[in-house]
Amino acid sequence: MDFFVDFILEPAIKIGVVFLVVSGVVAYLTFLERKVIAFIQVRLGPMRVGPHGLLQPIADGLKLMLKEDIIPSGADRMVFAMAPIITLIPAFIVFSVIPFGPTVTLPFIDREVDLFITDLNIGILFLLAVSSVGILGVILGGWASNSKYPLLGALRSAAQMVSYEVALGFSIIGVLLLSSSLSLVDIVHAQRDSGYWFVFLQPVGFMIFWICGVAETNRAPFDLPEAETELVAGFHTEYSGFRFSLFFMAEYASMIIISSMVVTLFFGGWLAPFGLTFPLIPVGLQGVGWFCLKVLVFLYFYLWFRASWPRYRYDQLMNIGWKVLLPIAIANVVVTAVLILLLRG
């Protein structure tokens with residue numbers, strides 16, 4: 001019975017809760033984006049469906065499911081159908097290693113429960129490896145469409161992923177040196193034990209990781225793979241209805257993942273700023289609340305960037321990745337390693 005509860009029931013409940021919550025957040029993140037951009041541009045945004053447009057995501061979901069599913073006559077039908085799924089699944093799988101809160105004891109059954117699905121000792125490696133698989137769906141979708149604009153968008157996306165994934169990987173090494181662990185939970189504990197968040201010791205690493213994270217998710221000003229000015233809509237030009245919505249969900253889920261990683265690696269995860277506590281609120285609920293609040297701040301930055309900055313040219317995109325971010329990231333690793341060696345030696 002203990003085996004069933006520990007390894008089947010409890011993980012199944014956690015997976016179900018995370019899946020439902022993330023799906024709901026993804027749906028309403030689209031609504032929030034339209035509202036935030038409207039506010040910045042002195043407009044109202046969605047207002048017709050529900051009070052202040054709050055039911056707009058539900059209407060959008062129904063519309064996408066009811067629209068005709070079109071497959072171009074020259075497309076590779078099987079690859080065309082599988083590409084959105086290949087993009088979406090890794091975006092949800094990586095939530096399995098994100099620590100949303102600490103380990104708590106349930107009062108009524110006297111049982112310790114981790115407020116995360118699992119704690120892998122190679123959590124960072126797992127997260128980077130699985131999230132990188134999602135780009136295959138973008139490449140396959142662009143290639144299988146048998147159209148020029150999707151193919152160009154897919155090639156752009158592949159080149160962009162390779163360019164910024166390298167600098168992103170180097171930006172994390174400083175955190176790994178400070179925490180001496182690849183476990184995301186251990187990284188949060190290291191920040192708790194040291195008494196300060198790693199963003200104060202790794203400000204350069206944080207900035208590089210955040211810039212590369214925005215580029216990895218194909219968001220403005222790095223949204224070259226789906227630039228409507230020259231590629232119509234890029235890799236998903238030929239997609240419609242529910243298949244298009246899967247690409248959409250994968251993009252917004254990836255935004256949540258990058259924001260969660262920034263919070264976990266550099267901003268203390270579920271740790272409260274300045275050690276703030278609220279006596280009447282359970283510790284676990286406070287941890288999850290602080291984590292979600294920090295993630296929401298970085299999601300707002302995503303929306304702010306889209307409303308504020310023009311898109312880079314493609315040569316500028318490549319130059320920033322290879323000639324600016326990568327050298328700075330390598331220098332940051334070297335300086336961090338030397339300082340740790342001197343201080344610990």
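Every heavy atom of this structure was used, including side-chain atoms; hydrogens, water molecules and symmetry mates were not. A quick note: this is a predicted structure, and the numbers were derived from the prediction, not measured. The residues of the chain are indexed from 1 along the displayed sequence.
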With rounding to the nearest 0.5 Å, note down the distance linking [atom1] in [X] to [atom2] in [Y].
X    : Y    : atom1 : atom2 : value
L128 : E216 : CG    : CD    : 9.0 Å
Q191 : F198 : CD    : CZ    : 5.0 Å
I211 : F305 : CD1   : CZ    : 8.5 Å
L152 : Y314 : CG    : OH    : 10.0 Å
L155 : I139 : CG    : CD1   : 8.0 Å
L127 : L265 : CG    : CG    : 8.5 Å

Open item on the list: Within the supplied structure, the quantity of interest is the number of heavy atoms (other residues, nucleotides, ligands) at a distance under 6.0 Å from F244 CZ; does it exceed 12?
Closed with: yes
Task: Atom CZ of R77: over 12 foreign heavy atoms under 6.0 Å - done: no
Task: Listed partners of Y196 passing ring pair (Phe, Tyr, Trp, His ring centres under 6.0 Å), at least two apart - done: none
Would you mind writing out the side-chain donor-acceptor pairs for residues 163-178 within the sub-3.5 Å range, not counting sequence neighbours?
{"residue": "S163", "atom": "OG", "partner": "A159", "partner atom": "O", "Å": "2.7"}
{"residue": "S163", "atom": "OG", "partner": "W322", "partner atom": "NE1", "Å": "2.9"}
{"residue": "Y164", "atom": "OH", "partner": "L317", "partner atom": "O", "Å": "2.7"}
{"residue": "E165", "atom": "OE2", "partner": "S132", "partner atom": "OG", "Å": "2.9"}
{"residue": "S171", "atom": "OG", "partner": "L168", "partner atom": "O", "Å": "2.6"}

Whether the [X] and [Y] side chains hold a donor-acceptor pair (N or O, under 3.5 Å, no angle test) is what I'd like checked.
X    : Y    : value
Y252 : T217 : no
N332 : Q202 : yes
E238 : S147 : yes
S183 : D119 : yes

Check for a donor-acceptor pair, side chain of [X] on one end and backbone N or O of [Y] on the other, with a separation under 3.5 Å.
X    : Y    : value
T264 : M261 : no
E10  : V113 : no
K14  : S96  : no
Q56  : G53  : no
R311 : P221 : no

Parallel under 30°, tilted from 30 to 60°, perpendicular over 60°: which one fits the rings of [X] and [Y]?
X    : Y    : result
F92  : F19  : tilted
F247 : F235 : perpendicular
Y28  : F31  : perpendicular

Open item on the list: Apply side-chain contact (heavy atoms from CB on, under 4.5 Å) to residues L29 and L32 and explain how you reach the verdict.
Closed with: CA-CA 5 Å; L29 192 55; L32 181 63; 4.2 Å; yes
Task: Pairwise ring pair (Phe, Tyr, Trp, His ring centres under 6.0 Å) hits with a residue in residues 42-83, at least two apart - done: F80-Y239
TODO: In plain terms, say whether D60 and R34 are close enough for a salt bridge, that is, a side-chain N and a carboxylate O under 4.0 Å apart.
DONE: yes
- [ ] Determine whether I85 and L246 make a side-chain contact, defined as any pair of heavy atoms from C-beta on separated by less than 4.5 Å.
- [x] yes
Would you tabulate the side-chain donor-acceptor contacts of residues 287-300 under 3.5 Å, counting partners in other chains and residues two or more places apart, or write 'none'?
{"residue": "K294", "atom": "NZ", "partner": "F267", "partner atom": "O", "Å": "2.7"}
{"residue": "K294", "atom": "NZ", "partner": "G269", "partner atom": "O", "Å": "3.0"}
{"residue": "K294", "atom": "NZ", "partner": "L271", "partner atom": "O", "Å": "2.6"}

Open item on the list: Set out, in order, the CA-CA distance, both residues' side-chain angles and the distance that settles side-chain contact (heavy atoms from CB on, under 4.5 Å) for W304 and V36, then state yes or no.
Closed with: CA-CA 8 Å; W304 185 16; V36 168; 5.7 Å; no
Which pairs would a plain distance check flag for residues 67-74, meaning a side-chain donor or acceptor within less than 3.5 Å of a matching protein atom at least two apart in sequence or in another chain?
{"residue": "D69", "atom": "OD1", "partner": "R243", "partner atom": "NE", "Å": "3.1"}
{"residue": "D69", "atom": "OD2", "partner": "R243", "partner atom": "NE", "Å": "2.9"}
{"residue": "D69", "atom": "OD2", "partner": "R243", "partner atom": "NH2", "Å": "2.9"}

Open item on the list: E226: which residues meet the salt bridge (Lys or Arg N to Asp or Glu O under 4.0 Å) condition with it, sequence neighbours left out?
Closed with: none
